[in-house]
2 protein chains.
Amino acid sequence: MEETGRTTHTLAALMELRKRILNGDFPGGTRLFEVALAETLQISRTPIREAMSRLAEEGLLDRLANGGFVVRSFTFADVLDAIELRGVLEGTAVRLAAERGAPADALQEVQDVLAQLDACFGSAPRDVDFEAYSDLNAQFHTLLTALSGSAVLQREIERATRLPFASPSAFLSGRTNIDVFRQSLQVAQEQHRALVAAISSREGTRAEFIAREHARIARRNLEYVILENPDLIEQVPGLALLNS
Amino acid sequence: MEETGRTTHTLAALMELRKRILNGDFPGGTRLFEVALAETLQISRTPIREAMSRLAEEGLLDRLANGGFVVRSFTFADVLDAIELRGVLEGTAVRLAAERGAPADALQEVQDVLAQLDACFGSAPRDVDFEAYSDLNAQFHTLLTALSGSAVLQREIERATRLPFASPSAFLSGRTNIDVFRQSLQVAQEQHRALVAAISSREGTRAEFIAREHARIARRNLEYVILENPDLIEQVPGLALLNS
DNA sequence: TTGACGTCGAATGTATACACTCCTCGTGTA
DNA sequence: TACACGAGGAGTGTATACATTCGACGTCAA
């Protein structure tokens, strides 16, 4: 993230507002007022404006026609669509990587992360180091998109992936104990391997297909988990902003 | 566009800066300073900041780590990638439209625009009403993406389409007299028809394929036109910001 | 010569006062 | 009752002064 640098009021407000939005303190459609937030956070309107502007960039806020911001409304269908979108974009990235030919050293780097991911799995099917897996998985996907050689695509993927819940594993893995979810990680890892293999052998179409399936499984898992445990929406910070 | 409303200094600065950037007044990599621009435009720093913030949203400016903005660098390869990306996204939209089944009235609306597009073509191969075609074409693509039924996807498509030159016909058609370009419009219109037909008959895979081919032709045309007429980069406003 | 250190300045961060706009609500009149 | 009009207030737009930060540059000493 970029907000590890200097601590300014703008960054503090940005993080605080993002936290509150994802936490569900402001339901979708809520209008945010500069003056009110300035009082709440004990700072002036200026950094509040700046922070809201950046949250609009991130897609968490919408600008109103005549000034002001409202919290963006996300439905459950939106979340599923975001995952599908991510699959399409990553699919394009790996297709391009295969078609254009990824540099050997970059490919090796991906292989290394892949091996590290393997190390997260223990002997039992449900024995997985979630914490490590999450981080490595994010790293894996980042390196993968970089293989495409398209700065434009990479940038848009980063954007789309930041949409709430575009990567369900990132926020579900550490917080739930649902078996179906744990076991799906084994499947995911299989796909990771197949993906890298397809890129290496320059099979663009196949790589794209696998990436899409990969996202589709993530999508289906989230769908399943939520439908089986509707109370998760209240429990998991970040899911609380859902409208429906 | 949204900037037809009330005329504020922020909007004035936004439009002026965007114009200058696209015009090539600020080459990619140029850092923009608040004070300097405030003096130039005879307004205070506040609306300048606001305008730059929005230009960062649009993807024309990049934020620097410790504050400030630089003009984003676009290479010719970036432009081609942006077109490819647009093809992928629109492809996804029409696939979803076909798979999920688009509402009949919305589909009819698309058919209407399709017919209007037909009316832009005269009897001779090169006899095309560019002005009308451009507007209708943009409208056609907008309606098409709306058929997907995915608000998230539609939003990201609008974003990606706003990237400079993601829709080459929009800025080339009215300004050039290149024959190959004129005739390609006939091909494009063929694809439009096939696209709508595929959606109507619920052939998602086929619809997606056509949309991608559609963008690929746009890409190839732009590539061809620019390589044959490198001086266009200087002549056409908006192309001037290219770095290489 | 090179490196550490301190000063200065340029540029952004922040606070705040004031201006403007739009919406709401009440009042008046037909 | 219905509608036009106008005042008031809520909220954002804008200007500006001041604070803060970071980097450039020069100085000094090893």
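Convention: sequence-line order gives letters A, B, ...; per-chain numbering from 1. Because only heavy atoms are used, hydrogens play no part in the values below, and waters and symmetry mates are left out as well, while side chains stay in. Since we're looking at a predicted model, the values are computed, not measured.
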Whether [X] contacts [N] is assessed here as follows: a side-chain N or O lying under 4.0 Å from the phosphate OP1 or OP2. Is that the case?
X	N	value
A:Thr10	C:dT14	yes
B:Arg49	C:dG13	yes
B:His9	C:dC20	no
A:Ser44	C:dT14	no

Expressed as a whole number of angstroms, how long is the span from [X]:[atom1] to [N]:[atom2]?
X	N	atom1	atom2	answer
B:Glu50	D:dA15	CD	C1'	15 Å
B:Asn66	D:dA24	CG	P	12 Å
A:Glu34	C:dA19	CD	P	18 Å
B:Met52	C:dT12	CE	P	6 Å
A:Leu64	C:dC23	CG	P	11 Å
A:Gln42	C:dA15	CD	P	10 Å
B:Ile48	D:dG13	CD1	P	15 Å
B:Arg63	C:dA11	CZ	P	19 Å

**Message:** I want to check something: taking the side chain as every heavy atom from C-beta on, are B:Leu64 and B:Val70 in contact at a cut-off of under 4.5 Å?
**Reply:** yes
**Message:** Any non-hydrogen side-chain atom of B:Leu60 less than 4.5 Å from a side-chain atom of B:Pro164?
**Reply:** yes
**Asked** Got more than 12 heavy atoms from elsewhere within 6.0 Å of CD, B:Glu16?
**Response** yes
**Asked** Can a donor-acceptor pair under 3.5 Å be found between the side-chain atoms of A:Arg31 and the base atoms of D:dG11?
**Response** no
**Prompt:** Does any donor-acceptor pair link the side chain of A:Arg45 with the base of D:dG11 at a separation under 3.5 Å?
**Reply:** no
**Request:** Find which nucleotide of DNA chain C each of B:Thr46 and B:Val35 is nearest to by heavy atoms, and output the residue with the more 5' nucleotide.
**Result:** B:Val35
**Request:** Using a heavy-atom cut-off of under 4.0 Å over every strand shown, decide if A:Leu32 touches base, sugar-phosphate, or nothing.
**Result:** sugar-phosphate
**Request:** To the nearest 0.5 angstrom, please state how far the NE2 atom of A:His141 sits from the CD1 atom of A:Ile157.
**Result:** 11.0 Å
**Prompt:** Is B:Asp78 salt-bridged to B:Arg72, going by a charged N under 4.0 Å from an acidic O?
**Reply:** no
